[in-house]
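Report on the following structure.
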Amino acid sequence: MTTPARAAICRGNKEPFSIEDVELDELRPDELLVRVVACGVCHTDMAVRDEQLPVPHPVVLGHEGAGIVEAVGSEVTVAKPGDRVVMSFNSCGSCPSCEIDAPTYCYNFFPHNWSGTRADGSPVMFKDGAPMNANFFGQSSFATHAIAHEANTVKVPDSAANIPLEQIAPIGCGLMTGAGAVLRSMDVRKGMPIAVFGTGTVGMAAIMAAKIVGANPIIAVDINDERLALAKELGATHTINARGKVVEQIQELVPQGLGYAFDTTGINTVIQDAWSLLAPKGICGIVGASPPEDMLTFNETAFMGGGRTVKGILGGDSDVGPFLCELLDYHVKGQFPFEKLIGYFDFDQINEAIHASEDGSVVKPVLRISAE
Ligand SMILES: NC(=O)c1ccc[n+]([C@@H]2O[C@H](COP(=O)([O-])OP(=O)(O)OC[C@H]3O[C@@H](n4cnc5c(N)ncnc54)[C@H](O)[C@@H]3O)[C@@H](O)[C@H]2O)c1
Ligand SMILES: [Zn+2]
Ligand SMILES: [Zn+2]
């Protein structure tokens with residue numbers, strides 16, 4: 001039996017998202033039907049709208065969903081009907097990366113997240129009886145209901161029972177990526193200096209995580225002074241407006257060089273500057289979406305001589321369930337106060353929410369889709 005739903009359909013960047021009637025397919029054994037309560041808006045949704053990523057259009061986006069499970073397939077163990085869940089990215093569970101609990105680097109990431117269908121090519125969603133591209137990040141949560149999977153669904157732990165789902169929703173992408181970059185991918189050491197370039201959701205999460213591990217100093221760099229002020233509230237010890245002389249100011253603060261430089265801007269000149277500031281054994285982590293033709297240039301001697309690392313990071317090397325529960329634990333204890341980034345919008349204000357993300361006025365827009 002199919003499930004009727006309302007979903008925001010993206011037909012590219014020439015027209016606004018439009019909320020329309022759709023049907024969801026019957027559940028497969030490893031799938032869950034989730035009534036979506038809320039969904040964060042992320043830059044990756046816009047990158048797909050703008051055709052910077054190879055996801056077919058028209059498509060239902062949304063990959064930071066949280067909701068209540070309505071039904072489960074026969075093999076699902078992660079949650080049961082009635083459970084509160086948060087959804088993240090999907091993975092195959094059996095490739096060499098998934099085997100070592102590194103699903104963000106799943107060899108089959110594309111078919112499980114970006115193909116518009118299930119990995120086997122079958123549609124999860126229909127519109128007027130015809131297949132509709134969905135299953136985005138294994139969820140497509142800009143909708144009243146989503147089909148999620150055993151691999152990308154996390155039951156919200158009882159310790160977070162008092163946190164509303166609309167607040168938890170965005171934890172499965174940008175927040176996880178920034179925090180995971182610090183806590184997992186770069187494994188930042190206490191007392192070591194870090195600079196974070198770009199203080200959007202990903203950069204702010206990295207700053208909160210850097211404070212958790214006791215990095216020092218924690219230098220936030222952005223062109224937006226309001227964001228820099230918030231970065232300071234969340235843990236940055238120093239802030240630098242990128243319109244000034246960033247390299248010189250960081251060299252003055254940390255003459256021995258940075259232990260860690262984390263770029264979320266995706267701008268190659270910013271990344272090269274960040275890299276040039278590394279101390280011996282320093283790590284430059286990069287996460288930002290960048291123009292596909294862009295290249296990075298590093299001096300070979302400096303690269304080899306200091307044992308420096310440039311590290312591409314996806315999803316903060318999250319293993320999904322355990323790491324999201326760890327982050328929720330920090331959140332409950334007040335150490336990961338990401339609620340300060342959120343601005344709420346009703347589902348039918350989705351285009352306003354996207355606009356607020358793009359003009360920088362709201363760090364993390366979250367759509368309220370149904371009452372919890
Ligand atoms: N790799 C991953 O797994 C992953 C996951 C989520 C998001 N992303 C990507 O990470 C990037 C950051 O995401 P976000 O949601 O934080 O985006 P965002 O746009 O909110 O943040 C980027 C910040 O960079 C600032 N900025 C612009 N130019 C700058 C400059 N020259 N120097 C310093 N700062 C500058 C902007 O003012 C903005 O605050 C995006 O490209 C997004 O697509 C990657
Ligand atoms: Zn995202
Ligand atoms: Zn895999």
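Heavy-atom basis, side chains included; hydrogens, waters and symmetry copies ignored. Nothing fancy with the numbering, it's 1 onward along the sequence. All values reported here derive from a predicted model rather than from experimental measurement.
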From [atom1] ([X]) to [atom2] ([Y]), nearest 0.5 Å:
X: R49; Y: T44; atom1: CZ; atom2: OG1; result: 12.0 Å
X: W114; Y: N135; atom1: CH2; atom2: CG; result: 13.5 Å
X: L314; Y: S97; atom1: CG; atom2: OG; result: 10.0 Å
X: L327; Y: M208; atom1: CG; atom2: CE; result: 9.5 Å

Salt bridge check: are [X] and [Y] linked by an N-O gap of less than 4.0 Å?
X: E20; Y: R6; result: no
X: R28; Y: E75; result: no
X: K127; Y: D21; result: no

Judged by modelled atom types alone, do [X] and [Y] share a side-chain donor-acceptor pair under 3.5 Å?
X: S94; Y: E99; value: no
X: N90; Y: N113; value: no
X: N241; Y: D222; value: no
X: S318; Y: R184; value: no

F17 vs L61, side-chain contact (heavy atoms from CB on, under 4.5 Å): CA-CA, chis, key distance, verdict
CA-CA 10 Å; F17 285 52; L61 302 174; 4.0 Å; yes

Side-chain heavy atoms of [X] within contact of [Y], under 4.5 Å:
X: C325; Y: P322; result: no
X: D45; Y: F142; result: yes
X: L234; Y: L341; result: yes
X: I369; Y: D346; result: no
X: M46; Y: I354; result: yes
X: N216; Y: T237; result: yes
X: T77; Y: E150; result: yes
X: H57; Y: E51; result: yes

Would you list the atom pairs, donor with acceptor, under 3.5 Å between side chains in residues 164-171 and any protein atom, with sequence neighbours excluded?
residue: E166; atom: OE1; partner: R368; partner atom: NE; Å: 2.9
residue: E166; atom: OE2; partner: R368; partner atom: NH2; Å: 3.0
residue: Q167; atom: NE2; partner: H331; partner atom: NE2; Å: 3.0

Do you know which two heavy atoms are closest between [X] and [Y], and how far apart they sit?
X: D30; Y: V76; value: C-CG2, 3.6 Å
X: V246; Y: A242; value: CG2-CA, 3.5 Å
X: A181; Y: I313; value: CB-CD1, 3.9 Å
X: A146; Y: L24; value: N-CD1, 3.9 Å
X: P58; Y: I9; value: CB-CG2, 4.0 Å
X: A210; Y: I194; value: CB-CG2, 4.0 Å

Near [X] [atom1], under 6.0 Å, is it more than 12 heavy atoms from other residues, nucleotides or ligands?
X: E226; atom1: CD; result: no
X: D50; atom1: CG; result: yes
X: Q256; atom1: CD; result: yes
X: D359; atom1: CG; result: yes
X: R189; atom1: CZ; result: no

Between T144 and R35, is the side chain to side chain donor-acceptor pair (under 3.5 Å) condition met? List the steps.
CA-CA 6 Å; T144 56; R35 173 170 65 79; over 6 Å; no

Could you list all the ring pair (Phe, Tyr, Trp, His ring centres under 6.0 Å) pairs where at least one residue sits in residues 183-231, not counting sequence neighbours?
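The answer is none; no pair qualifies.
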
How would you list all residue pairs meeting ring pair (Phe, Tyr, Trp, His ring centres under 6.0 Å) that involve residues 345-372, not counting sequence neighbours?
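Residue pairs with at least one partner in residues 345-372: there are none.
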
Taking only residues two or more places apart in sequence, or in another chain, which ones meet Y330 in a ring-ring contact (aromatic ring centres under 6.0 Å, His included)?
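So Y330 forms no ring-ring contact (aromatic ring centres under 6.0 Å, His included) with any residue.
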
Could you pull out all residues at least two apart from H63 that satisfy ring-ring contact (aromatic ring centres under 6.0 Å, His included)?
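By the ring-ring contact (aromatic ring centres under 6.0 Å, His included) rule, H63 matches F136, F137.
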
To which residues is Y107 joined in a hydrophobic cluster, defined by side-chain heavy-atom contacts under 4.5 Å among Ile, Leu, Val, Met, Phe, Trp and Tyr, whether direct or through other members?
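Result for Y107 is none, singleton.
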
